[in-house]
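Since the structure comes first, as C-alpha cells, the remarks are kept for the end.
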Protein chains: 2
Amino acid sequence: MATMHDVARLARVSVSTVSYVLTGTRPISQATRDKVLAAVAELDYQPNAMARGLASRRSRILGLLMPMDERGLGATETAFVTGAAAAASAGGYHLVLSPVGGGDLDDLRRLASQRMLDGVVLMEVQLADERVTVLQEAGTPLVLIGRTGDTSTLSYVDIDFEQTVREAVAHLVGLGHRSIVYVNHSAATLASGYGPALRTRDAFVAAMAGHGLEPVMIPAEDSAAGGRAALAAAFARAPELTAVLAMNETAIFGILGELTGRGLSVPHDVSVVSMVTSPQVAELATPALTAMTSPGSAMGRIAIEALLRHLDGPGDERHQQLLPCALEVRGSTAVPRRPAQDAPGRSPTDGG
Amino acid sequence: MATMHDVARLARVSVSTVSYVLTGTRPISQATRDKVLAAVAELDYQPNAMARGLASRRSRILGLLMPMDERGLGATETAFVTGAAAAASAGGYHLVLSPVGGGDLDDLRRLASQRMLDGVVLMEVQLADERVTVLQEAGTPLVLIGRTGDTSTLSYVDIDFEQTVREAVAHLVGLGHRSIVYVNHSAATLASGYGPALRTRDAFVAAMAGHGLEPVMIPAEDSAAGGRAALAAAFARAPELTAVLAMNETAIFGILGELTGRGLSVPHDVSVVSMVTSPQVAELATPALTAMTSPGSAMGRIAIEALLRHLDGPGDERHQQLLPCALEVRGSTAVPRRPAQDAPGRSPTDGG
DNA sequence: CTGAAAGCGCTAACAC
DNA sequence: GTGTTAGCGCTTTCAG
C-alpha cells in the first residue's frame, strides 16, 4: 500500500506538495501537479482515511441514523437512503447507515464522541427526540428528517403533510366522495408524539372542514390485522363510507383484505388512497393503489446537501424545508357507485 | 474533548498506561487501573477513533455491503442487518451499512483501499460477483452471504435451499397435494446466475422426483403483475394444480390477487407456500401465509462472528455454513379440496 | 509557488 | 508493573 511519501519521492517533490495537489488547498503549478498526478496514478495511491481524518479532524464520514425496527425498510426509506448516498458521494463524503435503534442512546453518544462522524442526518424524528439532545451535546452537526416539537433552532427536511392531505382529500371529494374515513397509526403511536401521525390528523380535520365534511378518524395497529380491525371500526362509525384514506402503509393490506372479505369492490364500492407510499408498494396491491408518493430520494439529497453546507459554512444558518407528496392515481380510486350519503335518497345519481 | 493525555495527567500515570488499561493489552495493577478508570469517568473521555485507527491500523469498522435496489429492504434483510449489528457491537466493532449498488465498483475499491474497513460482509452475492474480486485484490477480509460459483476458497453463510425446498414440498405432499407449481424469479434473473433461484430450482426438481411427482416451474417478474401472469401461466400448464410454492416474495401478492380474482379460495382450492419469507410479510397477506422463515438475524450474527475470527486469527481458516429456513404453518395451506389429480376419477377421496 | 517540520491522538515496541 | 518514545500517514502552519 503506497503512502504519500512514496508518491512524493517518485514525483520528486515534498509530501506537502502532494497533499496540496490532492486537497487543492493551495495553488500548484501545472507542471508539478502533472508530475504528482502521474505518480499517484502509477502507484495507484489511495490516501489513508484514518491518517487524513486524524490530521484534518474530519472523517469525511456522514452518518444516516435510521430506525431498524422489525418492519424493515420500505421502498420509501430506501429511496431516501439512495438519494442521500448519492449526494454524499458527490460531495466527497462517505455515508454510513447506522441502524441505531431507539434503545442504544449510549451507542450513539459514543459514535458522536469518538469523532467518527462529521455530521448526522436523523430519520424518523420524534417530536421529543433524545437523539437530538445527545448529538447536540456532542457538538455534531445535525439535519433532521421530520421535525421535533420545537422547530425553531434546527435544520430539517420534512414532508408537507398539510398539503399532502389536502390534495388527497381534494382528489376524493373531486370524484364525488362525501364520507371519507382516515386510518391513521395506532393510538399508542399517536400518544408517543409521532409527528406525521399528529400532523396528518390535524390536516385531515382541516381539509374535511374546508369541504364542509365530517372527519371520521380511526387508529390502526401497524399490521394487516390492525388494518382489518380498523376497517371494521370504520364501518361501525360510518356505515355510509365510500372512501378510505390510509396513513398506515402496513395496515393497508389488511384494509384491502377486509374490504374484499366483505364482498366490497375496490374502487367501485370503496375507494382507497394510501398516504406517503412508494410506487413499489402501491403496485403490490390489487388493484394498484392510488397513492401520495413520497419525495424519497429528493429528501435524502436535500438533507445531505444542507448538512454539507453546515460543515463548510459558519454553521449558524438553518435549512428548513417541506416537500409535498405527489398524487399518483392508480386503480384504487373511482367515482363512488353508491350515491352520496350526506343527503340520502336525493343524490343526483339516484334520480337517473 | 479530553484526550488520553488529559486522562494520564489526572490519573498521574503515563499515556501508555492509560492506553493499556483501555485496550487491555498488558497486565495492569488493580490500583492504577482504578485510578485511570476514575479519571476516564471524570473527564468523560472517549478515545478518538481516527487516532486509534491510525496507530493500530485497525478502524474497528466492519462494512455490510447490501444492494439497495428500488425494491427496498425486506423484513428478512432487516433482521439480517440487526443480527449483524448486534454481533459487531458485542465484539467492539462498528457496523456500517454501505448501500453500494451494482454499479459503483470503483466506490467499493476506494472504500477498501482507504483502509477504512477492517472487513466486509457481502450480501446478495452473485454466482460470479465482481465485488469479491475487488475486495480480495484490496486484501480485505471477507465473508459472503450466499455463495459464488466456486465456493472452495471463501467463507460464507447461506440458506440451505435444498433442505428448505425439501421441507416445503414435504409439507404440501403431506397434506395431499400432488400437483405443485413452483414460481421462481424471472427468467432474466435465472440467466444472470442468481444463486438462490438456481439452487431452489434444482432442489424443487429433486424434491418432487423424490415423491414421484412432476415438477412444474414458472418464472415470474418481481412484481404483483408478474405474479398474476405467472399464475395464469401455471394454470395453463397444469390446470389441476392445487398448490403453489413461491420463491418470489414480490410476486406473491399478485399470485394471491389472481387466485382471488379467479374465484379460488386460499387455502381450500389452492394452497400457497412462500419461500424465504419473514413473518412480517407473511402476516401481511390474507390469509396469512404459510412460509419458510429465513434465519435472518442468526445469519447476520454468524457472518459477523466468522469475520471477526478472520481478523483475529491467522486468516487461513474458512467458515462455511448453511442454515435452513423453518416451516411456519399459517393460513394459506390446507388439505386440497379437489381430489388428487394424478389419477383422475380413481382417487381415494373420490370413491367415498 | 514549494519545502521543512510540527503536530493530530493514539498504540506498541523498547526500556527499566 | 510502569514509563519513554518512536512512529501510524496525513494536514497545515511557518519559512522561503
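Just so it is clear: chains get the letters A, B, ... in the order the sequence lines come, proteins before strands, and each one is counted from 1. All values derive from a computational prediction rather than experimental measurement.
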| message | I'd like to check A/Leu95 versus A/Ser89 (side-chain heavy atoms, cut-off strictly below 4.5 Å). Are they in contact? | response |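 No. Closest side-chain heavy atoms not under 4.5 Å.
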| Are side-chain heavy atoms of B/Gln320 and B/Ser155 found at a separation under 4.5 Å? | no
| query | Does B/Arg58 come within less than 4.0 Å of B/Asp312, counting only side-chain N to carboxylate O? | reply | yes
| field | Atom pair CZ/CD of A/Phe80 and A/Glu124 - distance to nearest 0.5 Å | value |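 A/Phe80 atom CZ to A/Glu124 atom CD measures 10.0 Å (nearest 0.5 Å).
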| query | Expressed in angstrom and rounded to an integer, what is the separation of A/Lys35 atom NZ from C/dC1 atom C1'? | reply |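 In whole Å, C/dC1 C1' and A/Lys35 NZ are 12 Å from each other.
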| Below 4.0 Å: OP1/OP2 of D/dG1 and any side-chain N or O of B/Thr32 |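 For D/dG1, OP1/OP2 do not have a side-chain N/O of B/Thr32 under 4.0 Å.
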| field | nucleotides 9-16 of chain C: protein proximity per nucleotide (B base, S sugar-phosphate only, - neither; heavy atom, under 4.0 Å) | value | BBBBBB--
| said: Distance alone, cut at 3.5 Å: any donor-acceptor contact between the side chains of A/Ser29 and A/Thr32? | reply: yes
